[in-house]
Number of protein chains: 2
Amino acid sequence: MSEPIRRCTVADVAREAKVSKAQAARALGGYGAVSEEVASRVQTAARRLGYRPNELARSMSTGRSRSLGVVVGDIENPHFGLATRGISDAARQAGYHVILANTDENPETERNAVRVLMDKRVDGLIVAPCRSNDNAHLQEVINAGRALVLFDRMVAGLEVEVISARFERAAERATQRLIAQGHHRIAYLTSLRLERPYERLTDLGSSPVAQRVAGMQRALAQAGQVLDPGLVRANATNREAIARICDELFSRPSPPTALMASDNLIALDLLRELKRRGLEIPRDISLVMYDDFPWTELVTPALTVIAQPVYAMGHEAANRLIRQLHGEASEPIPNFDAELIERGSIGPVTCATPRQGR
Amino acid sequence: MSEPIRRCTVADVAREAKVSKAQAARALGGYGAVSEEVASRVQTAARRLGYRPNELARSMSTGRSRSLGVVVGDIENPHFGLATRGISDAARQAGYHVILANTDENPETERNAVRVLMDKRVDGLIVAPCRSNDNAHLQEVINAGRALVLFDRMVAGLEVEVISARFERAAERATQRLIAQGHHRIAYLTSLRLERPYERLTDLGSSPVAQRVAGMQRALAQAGQVLDPGLVRANATNREAIARICDELFSRPSPPTALMASDNLIALDLLRELKRRGLEIPRDISLVMYDDFPWTELVTPALTVIAQPVYAMGHEAANRLIRQLHGEASEPIPNFDAELIERGSIGPVTCATPRQGR
DNA sequence: CTGAAAGCGCTAACAT
DNA sequence: ATGTTAGCGCTTTCAG
């Protein structure tokens with residue numbers, strides 16, 4: 001019931017150790033010059049009193065909070081779970097803490113989160129932005145002189161480091177494999193928000209999604225084919241949207257014979273949707289998913305995926321951010337190359353065009 | 001290059017609005033009494049100057065940081081991903097932030113994390129403790145008068161709210177189903193750390209694991225059977241451990257005909273291990289897993305699982321914590337009943353005892 | 001309703 | 001090496 005419980009402060013320790021407050025603080029904080037004698041007396045006193053530093057006060061005077069803000073779309077998504085793990089492992093090792101903010105892939109929430117984290121005086125920010133053209137709030141971060149690293153996606157007009165895998169090569173290879181099996185109508189589904197139907201590569205800016213589509217395009221070009229823009233579908237953000245996209249895709253005169261899912265959530269919904277329509281992988285349709293998780297090996301057929309080193313990327317993002325904070329020179333960003341892992345979800349295209357079930 | 005960039009403070013706003021610092025602070029913080037006149041002048045000045053409050057300073061004087069510490073074993077585990085999502089959604093709604101700490105299921109790291117979070121002056125803590133008998137650091141939290149809610153597991157000798165699903169009923173039902181299919185040697189694998197081989201229910205304290213085993217026991221008893229203690233295996237914390245446990249289990253004179261995996265990580269490893277041994281589910285062996293995730297429906301066969309409302313539990317944990325902080329009376333903790341979801345991984349026991357493949 | 005001044009717990013000059 | 005004195009930016013008495 002006793003309410004605030006005045007915690008013991010440096011002043012208390014100083015009194016107990018019979019030294020000045022400053023000296024006690026130095027011994028406790030391990031920063032100035034302190035004699036052995038005094039140091040041990042202070043340590044003893046601190047232990048006896050159960051002293052714990054008030055990090056808030058410390059941050060207040062130093063101006064640094066030793067905490068990193070992490071802003072992701074959805075921590076429930078294992079992709080971000082893994083990334084966050086990488087980030088927080090690196091942070092902990094360097095003595096930093098992680099303040100997590102979920103944006104629900106909502107730009108408004110993201111703006112807000114970034115602002116509040118700044119108000120909390122995080123030393124730096126790792127943001128997986130949900131929009132690539134919405135940079136005002138992130139520019140503010142830079143203007144305020146706070147460190148910033150982007151994760152997964154870049155943002156137009158923002159000169160900051162971006163940690164993101166390189167997808168073009170793997171996308172190209174995956175498409176080649178598909179083509180080798182006779183596919184040429186290959187649809188690509190992404191959760192990227194686009195106001196208008198996809199028309200050309202430049203609609204995608206320089207996002208990773210652009211790399212993925214570019215890779216497809218290149219592989220198709222090598223085979224003397226062109227990518228039908230109508231097969232690149234954005235806004236695959238939830239089950240209903242994905243069902244709708246499937247409806248449209250499969251009611252085309254020439255429906256796709258292969259699907260590429262831009263993330264595991266899309267793949268999961270797609271798998272359900274295909275099952276519902278009685279379409280069997282890889283007999284009736286082929287599937288490639290971006291990202292790799294343990295379960296992809298265990299579904300039937302095992303999924304052919306384009307893996308990216310998400311944990312390592314998170315780790316690197318945090319390390320770079322921290323290096324920025326310490327004013328250390330940053331080496332070039334390592335190449336995180338996405339990698340095609342072939343399992344069983346690509347099969348030869350069948351003569352029978354899969355028609356819409358339902 | 002300009003280093004610290006002195007951010008604008010209440011003093012600046014006050015000067016600009018030609019009022020006292022105190023008055024500006026009141027207008028900005030929305031607390032004391034302020035005339036319309038002054039309020040609007042201050043707001044205007046604040047906007048013009050791009051004022052943003054320093055939450056650190058605010059916390060410093062109020063003693064409250066509006067942030068919650070969340071300590072979990074492994075954010076990469078979708079179980080905790082979901083829980084964290086529930087927590088942070090509830091927190092955000094109430095204007096709180098979440099500071100996340102990963103313990104890697106390591107007691108030492110956990111103690112440390114709890115301490116540092118306390119030092120950062122979080123208002124309250126949600127902890128998924130990795131040990132049920134290690135309560136000193138958590139007792140400190142209580143002694144310091146800080147709010148605490150436990151997640152998933154309880155801790156001996158600690159009088160705090162625990163949010164955890166109730167498993168006995170579902171465990172019993174699952175076991176009944178198994179028995180109905182002729183199983184009676186049912187093994188249970190948990191990541192719970194136990195120094196010595198399991199012998200009796202009391203070895204498990206009052207953990208959820210105890211509920212699960214109790215449920216099994218009860219169902220077996222109803223069928224006139226007893227649970228062989230050798231089939232309850234703790235320390236299934238990683239792939240190697242799980243492989244070793246399988247070795248032991250399947251080299252018994254009478255190996256188990258059904259397996260219950262205490263979490264999704266164990267199930268994943270088990271699935272791999274069974275495949276490696278050429279054991280097919282549900283023909284050669286049956287499997288039930290705790291927790292439910294989208295992919296469990298998509299593996300072949302679809303997994304029979306014991307689901308728990310993890311998101312809701314996280315949400316509730318945060319809400320209760322916040323209610324504690326506000327000194328509001330807490331209603332009784334709702335019952336989060338785990339639920340058996342029958343899919344395809346339970347089959348009839350076959351005559352041929354599965355022998356070790358290797 | 002408004003203002004002056006004290007203080008949260010710490011670090012950082014500046015002396016000694 | 002040690003002590004003294006100011007702050008950090010905010011909230012909070014306490015007067016008026």
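These numbers were taken from a predicted model, which means no experiment stands behind them. Just so we're on the same page: letters track the sequence lines, and every chain starts at 1.
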Problem set entry | Ionic contact status for A:Arg121 with B:Glu55, cut-off 4.0 Å |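 A:Arg121 and B:Glu55: not salt-bridged.
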Exercise. Below 4.0 angstrom, N of the basic side chain to O of the carboxylate: do A:Asp134 and A:Arg111 qualify?
Worked result: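 Answer for the salt bridge query: yes.
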For this session: Go through residues 53-68 of chain A and report each residue with a non-hydrogen atom lying under 4.0 Å from DNA chain C, sorted by number.
Result: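 A:Pro53, A:Asn54, A:Ala57, A:Arg58, A:Met60, A:Ser61, A:Thr62, in order of number.
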For this session: Taking all heavy atoms of A:Arg26 and all of A:Gly32, pick out the closest pair and write down the distance.
Result: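 In this case the closest contact between A:Arg26 and A:Gly32 is CD-CA, 3.6 Å.
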Exercise. Can a donor-acceptor pair under 3.5 Å be found between the side-chain atoms of A:Arg26 and the base atoms of D:dG3?
Worked result: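 Answer is yes: a donor-acceptor pair is held.
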Problem set entry | Atom pair distance, as rounded to whole Å: CD in B:Gln23 and C1' in C:dA5 |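 In whole Å, C:dA5 C1' lies 15 Å from B:Gln23 CD.
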For this session: For B:Arg121 and D:dT11, give me the distance from atom CZ to atom C1', rounded to whole Å.
Result: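 One finds 17 Å between C1' of D:dT11 and CZ of B:Arg121, rounded.
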Exercise. Can you find a heavy atom in the side chain of B:Leu325 that is under 4.5 Å from one in the side chain of B:Tyr96?
Worked result: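 Side-chain contact under 4.5 Å: yes.
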Nearest to the side chain of [X], heavy atoms from C-beta on, is which of [options]?
X: A:Thr9; options: C:dC10, D:dT2, D:dC10; answer: C:dC10
X: B:Ala22; options: D:dT4, D:dC10, C:dA5; answer: C:dA5
X: B:Tyr31; options: D:dA1, D:dT12, D:dC10; answer: D:dT12

Problem set entry | All pairs passing salt bridge (Lys or Arg N to Asp or Glu O under 4.0 Å) where residues 69-80 of chain A contributes a residue, at least two apart |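 Residue pairs with at least one partner in residues 69-80 of chain A: A:Asp74-B:Arg85, A:Glu76-B:Arg85.
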Exercise. Would B:Glu105 and B:Arg153 count as a salt bridge (charged side-chain N to carboxylate O under 4.0 Å, His left out) if you check the C-alpha gap in whole Å, the side-chain angles of each, and the deciding distance to 0.1 Å?
Worked result: CA-CA 13 Å; B:Glu105 299 286 1; B:Arg153 304 188 260 247; 3.3 Å; yes
